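Read the structure below first, then the notes.
Note that this is a predicted model, so its numbers are computed, not measured.
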Amino acid sequence: MDNVNKTLYIPLYGKALVSRKGIILTDKKAEQIWESEGFPLKGKSRSKWLAYYMAMRSAVFDNCLKTELTKDSTAAVLHIGCGMDSRIERVGCGEHKWYDVDFPEVIKLRKKYYTETGNYKMTAGDVRKTDWLGEIPAGTNAVVVFEGVSMYLTTDEIKNFMRALGEHFCNVKLLMDCYTERGAAATKIKNPINDVGVDTVYGIDDPKILETDMGFSFVREHEMTPQDMINELKGAERLFFKSMFGGKFAKSIYRIYEFEKR
């Protein structure tokens, strides 16, 4: 597994940690996989503060996805860069078709812990090469979760992927987290992903630069660390986390954007 793929263990550890603590996110599957895999994270990768942050990020994506699926009973779900994430279990697909997508070696590992059903499939693919979209029925609507991926792609690579989505589906809602340019630059100093060997990431300051000729438009920015989730922390932990991860400084580093194509 290459270094970018190894980054999947960082949010997995974070979700397992908060799930054991009984805060922010319930994720028994993350607990199970983390205990079984036991990847040797080190340094900031094992920070409880990062664990809280990753868990809140995932919970925000979960809540956004739930909302979108109630609006469109026909939309397919694409979870890009799914890693070992159990979003399919936390959210549930119901009658929606759900496709978890990641590199072949990740999907191979994932199949040790997850089982496909009539509505749930695991698809091997690289967002920089979108031939795998041919395995997914075209001409439907889609909700695409793009969590923890964009920072490893250039702006042109992201645009090309969005263009492919726009050509394949009718209406598309895309949820994406991004480093800002400041955030990307800060990774050269110290970032948890450095602990698994990743040293090149990209940032986006203006989400409108991703509006493509396929009709994608920027809709809104979502709060990365909502106050109700911060409130699940106690005492000094809550105060410290809010000051470091819930204010303007944190927003200057990392953001969640929503796009749509109609």
Hey, are the side chains of Y52 and I23 touching, using non-hydrogen atoms and a 4.5 Å cut-off?
-> yes
What do you reckon, is CD of E35 surrounded by more than 12 foreign heavy atoms closer than 6.0 Å?
-> no
Kindly compute the distance separating CD1 (I80) from CG (L165), expressed to the nearest 0.5 Å.
-> 7.0 Å
Can you say whether the rings of Y257 and F218 are parallel (under 30°), tilted (30 to 60°) or perpendicular (over 60°)?
-> perpendicular
Would you call E237 and K234 a salt bridge, using N to O less than 4.0 angstrom?
-> no
Check whether any side-chain heavy atom of C64 sits under 4.5 Å from a side-chain heavy atom of H222, and report yes or no.
-> yes
Does NZ or CZ of K29 come closer than 6.0 Å to the centre of the six-membered ring of Y114, within 45° of the ring's axis?
-> yes
Check the angle between the aromatic planes of H79 and W98 and answer parallel, tilted or perpendicular using the 30° and 60° thresholds.
-> perpendicular
Minimum-distance pair of heavy atoms, taken over all atoms of S19 and D27 | OG-N, 2.8 Å
Hey, is the main chain of L50 close enough, under 3.5 Å, to the side chain of S47 for a donor-acceptor pair?
-> yes
Exercise: do Y113 and S36 side chains pair donor with acceptor under 3.5 Å | yes
Taking the side chain as every heavy atom from C-beta outward, state whether T155 and L210 have any atom pair closer than 4.5 Å.
-> yes
NZ/NE/NH1/NH2 to OD/OE distance under 4.0 Å, E105 and K108 = no
Is the shortest side-chain N to carboxylate O distance from E37 to K112 below 4.0 Å?
-> yes
Does the side chain of R57 reach to within under 4.5 Å of the side chain of P11, using non-hydrogen atoms?
-> yes
Quick one: CZ on F259 to CZ on R220, what's the gap to the nearest 0.5 Å?
-> 12.0 Å
Specify the closest pair of heavy atoms between K159 and I209, including all atoms of both residues, with the distance to one decimal.
-> CE-O, 2.7 Å
Go through I107 and C82 one step at a time and tell me if the side-chain contact (heavy atoms from CB on, under 4.5 Å) criterion holds.
-> CA-CA 9 Å; I107 293 298; C82 59; 4.2 Å; yes
Can R128 and D126 be counted as an ion pair, charged N to O under 4.0 angstrom?
-> yes
Could R110 and D102 be called an ion pair, given the rule that one side-chain N must be under 4.0 Å from one carboxylate O?
-> no
Is any side-chain heavy atom of F146 less than 4.5 Å from a side-chain heavy atom of M162?
-> no
Do you know which of Y179, F249, F245 makes ring-ring contact (aromatic ring centres under 6.0 Å, His included) with Y254?
-> Y179
Euclidean distance, I33 CD1 relative to M84 CE, rounded to 0.5 Å = 6.0 Å
Spatial distance of atom CD (E147) from atom CG (D85) [nearest 0.5 Å] | 6.0 Å
